[in-house]
Amino acid sequence: MTPSQPTTWKVEKFENGQAVLSGGGQELRIARSQLADGIKEGEIVTAEFFPLKDAQKRRDNLAKALLEEIFNGE
């Protein structure tokens with residue numbers, strides 16, 4: 001599987017406990033609680049969906065990349 005760039009979404013508004021996001025000509029509604037605290041209308045967020053079986057591998061890769069960035073100053 002070739003990794004793709006995560007889709008970016010603009011937070012259009014919040015209504016009825018949901019965040020209304022737009023991006024790529026599409027609209028996405030998710031529970032507001034799924035967004036990080038402090039996200040405001042108008043901000044750009046990213047979303048990446050992958051099978052749960054890949055979750056641990058992705059977390060490990062992210063941790064490795066963050067450590068390399070910290071120690072190598074890249």
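Values below: all heavy atoms of this structure, side chains included; hydrogens, waters and symmetry mates excluded.
Counted by atom type alone, Ser22 and Glu27 present zero donor-acceptor pairs between their side chains at under 3.5 Å.
Under the 4.0 Å criterion applied to side-chain N and carboxylate O atoms, Arg29 and Glu15 are assigned as salt-bridge partners.
Listed here is the closest heavy atom pair of Glu43 and Lys40: OE1-N, 2.7 Å.
Val11 belongs to a hydrophobic cluster with Trp9, Phe14, Leu21, Leu28, Ile30, Leu35, Ile39, Val45, counting contacts under 4.5 Å between side-chain heavy atoms of Ile, Leu, Val, Met, Phe, Trp and Tyr, direct or through other members.
Not counting sequence neighbours, Arg32 has no partner by the salt bridge (Lys or Arg N to Asp or Glu O under 4.0 Å) test. Looking at residues two or more places apart in sequence or on another chain, you find a side-chain hydrogen bond (donor to acceptor under 3.5 Å, both in side chains) between Asp60 and Gln56.
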